[in-house]
There are 2 protein chains.
Amino acid sequence: MNIGQAAQASGVSAKMIRYYESIGLIPKTVRTEAGYRVYSDHDVHTLRFIRRARDLGFSVEQIADLVSLWQDRERASKDVKDIALEHVSVLERKIRELQEMASTLKHLARNCHGDTRPHCPILEELANDEAGQAHIKPDAKFGVLGKASAR
Amino acid sequence: MNIGQAAQASGVSAKMIRYYESIGLIPKTVRTEAGYRVYSDHDVHTLRFIRRARDLGFSVEQIADLVSLWQDRERASKDVKDIALEHVSVLERKIRELQEMASTLKHLARNCHGDTRPHCPILEELANDEAGQAHIKPDAKFGVLGKASAR
DNA sequence: CTTGACCTTCCCATCATTGGAAGGACTAAA
DNA sequence: TTTAGTCCTTCCAATGATGGGAAGGTCAAG
């Protein structure tokens, strides 16, 4: 099967399949004489695994670890669980950050008339030199709003 | 005051101040003869406004809108509120996505012994060809985990 | 007049992903 | 058989916000 079919069957775009190959997340495939990549059902299965891990927000690095544990019959389930729980704690931290932002904003918006007049507590708060800048410190590795994982 | 002092006083790094200038979020500053940027207290005030908006997760684009409303004495507070509420809804969607991931993972981890044996429901789920790939579709514009907003 | 702290611009990296260009390969229909 | 259209290939660039660092100019204090 060609890359387009593998993409369709796995839910991972052809672009990303090539990318995953380039960074070594998946091995280099067999090629046809013309240079086309050829995929087996087994490859598609691996791609689906990767897609599901990605859907759960794992980084490519973590996914690489998960794939290698998946393929290791002698793995310790603890190693998998550790990765998962570490990720859960990152997710939960991010959730708290976002909740903090949302609740601050909702509070401000509730106090804003939202009419044609200029008075606005939201702007007042942003302009307030006293304002506490440090509800929750964003962590160093991940920001708070991310960018395209568009699919 | 020089850029370093403005950075310190505003909480926005010198790098980011130059970047904000380059993309037009803030106007080009006066320069000394030697080419050093010079900032006033008023500039610092604007930078603080920007930093606070950023701390609330607004995009640079939204911040540009907020700054311009801030400086517009004839603004309608509704315009500000709309931006804020739109952002709240983005935040809340993202929160739901992350919560969905975290709860799925916690559930799986709860059922994983986490010992030295290989059996692992987490991997089983990732490898499960039946698995629902579509709890919540990540939206097209923002991914789920972001990258450095490190500060 | 040197040292060190600051400033300048420019380029690169991050992370996962998409877009597009230029060109080759394949397939089905005219 | 030629042609159209779809697929594939590689390569390069952009996204968003931020940091790192190099190479070189400026300034203040000693």
Side-chain angles (χ1 to χ4, degrees), chain A residues 1-8 11-26 28-39 47 50-51 53-64 87 90 94 97 137-151, chain B residues 1-8 10-26 28-39 47 50-51 53-64 87 90 94 137-151:
Chain A
M1 142 179 38
N2 285 342
I3 199 171
Q5 294 163 305
Q8 189 124 53
V12 178
S13 71
K15 282 268 184 191
M16 288 310 297
I17 295 174
R18 292 191 198 99
Y19 171 69
Y20 290 152
E21 183 187 305
S22 81
I23 62 172
L25 175 57
I26 55 177
K28 296 194 178 173
T29 58
V30 174
R31 303 278 188 127
T32 66
E33 286 186 7
Y36 284 23
R37 289 173 180 82
V38 175
Y39 297 88
L47 287 168
I50 290 169
R51 182 177 55 72
R54 191 191 51 181
D55 285 347
L56 288 172
F58 286 103
S59 67
V60 166
E61 193 181 353
Q62 287 172 315
I63 294 173
H87 183 44
V90 170
K94 186 161 307 296
E97 286 178 23
K137 304 196 178 177
D139 93 57
K141 169 91 188 168
F142 291 106
V144 120
L145 285 179
K147 83 112 315 203
S149 81
R151 206 162 49 250
Chain B
M1 110 186 65
N2 285 342
I3 199 170
Q5 294 163 304
Q8 189 123 50
S10 66
V12 178
S13 71
K15 280 266 183 190
M16 288 311 295
I17 295 175
R18 291 191 198 100
Y19 172 68
Y20 290 153
E21 183 187 306
S22 81
I23 61 173
L25 176 57
I26 54 178
K28 296 196 175 173
T29 57
V30 175
R31 303 278 188 128
T32 65
E33 285 186 8
Y36 284 24
R37 290 172 179 83
V38 174
Y39 296 88
L47 287 168
I50 290 169
R51 182 176 57 71
R54 192 191 50 179
D55 286 347
L56 288 173
F58 286 104
S59 67
V60 165
E61 194 181 354
Q62 287 172 315
I63 294 174
H87 183 44
V90 170
K94 187 163 306 299
K137 302 197 179 176
D139 92 59
K141 169 91 188 160
F142 289 107
V144 117
L145 285 177
K147 81 100 338 201
S149 82
R151 205 162 55 253

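By convention in this document, chain letters (A, B, ...) are assigned in the order of the sequence lines, proteins followed by strands, and residues within each chain are numbered from 1.
- B/L25 places its CG atom 13 Å from the C1' atom of D/dG16, with the value rounded to the nearest Å.
- Of the candidates C/dT18, D/dA17, C/dC7, the closest approach to any side-chain atom of B/N2 belongs to C/dC7.
- Of the candidates D/dC8, C/dG19, C/dT9, D/dC8 carries the atom nearest the A/R18 side chain, counting heavy atoms from C-beta on.
- If you take CD1 of B/I17 and P of C/dT9, they are 13 Å apart, rounded to a whole angstrom.
- Rounded to whole angstrom, the span from the CE atom of B/M16 across to the P atom of D/dA17 amounts to 8 Å.
- Side-chain proximity of B/K15 to D/dG21, D/dA17, C/dT18: nearest is D/dG21.
- Rounded to whole Å, atom P of C/dC15 lies 10 Å from atom CD1 of A/I23.
- Considering only side-chain N and O atoms, B/R31 lies under 4.0 angstrom from the phosphate OP1 or OP2 of C/dT9.
- A donor-acceptor pair under 3.5 Å links the side-chain atoms of A/H87 to the main chain of A/L56, judged by distance alone.
- Comparing A/A34 and A/Y19 by the nucleotide of DNA chain C that holds the closest heavy atom to each, the one mapping nearer the 5' end is A/Y19.
- Mapping A/Y20 and A/E33 onto DNA chain C via the closest heavy atom, the residue that lands nearer the 5' end is A/Y20.
- A/R18 places a side-chain heavy atom less than 4.5 Å from the side chain of A/R37.
- Between A/I17 atom CD1 and A/I26 atom CD1 the span is 6.5 Å, to the nearest 0.5 Å.
- OP1 or OP2 of C/dT8 sits under 4.0 Å from a side-chain N or O of B/R37.
- Taking 4.5 Å as the limit, some side-chain heavy atom of B/V60 sits within range of a side-chain heavy atom of B/Y20.
- The shortest distance between the side-chain N/O atoms of A/S59 and the OP1/OP2 oxygens of C/dC15 is not below 4.0 Å.
- Other residues, nucleotides and ligands place no more than 12 heavy atoms under 6.0 Å from the CD atom of B/Q8.
- Distance, A/E21 CD to D/dC8 C1': 13 Å, rounded to whole Å.
- Whole-Å rounding puts the A/I63 CD1 to C/dT17 P distance at 8 Å.
- Straight-line distance from the OH atom of B/Y36 to the C1' atom of C/dT8: 8 Å, rounded to whole Å.
- For B/I3, whose side chain is taken as the heavy atoms from C-beta onward, the closest listed nucleotide among D/dT9, C/dT17, C/dC7 is C/dC7.
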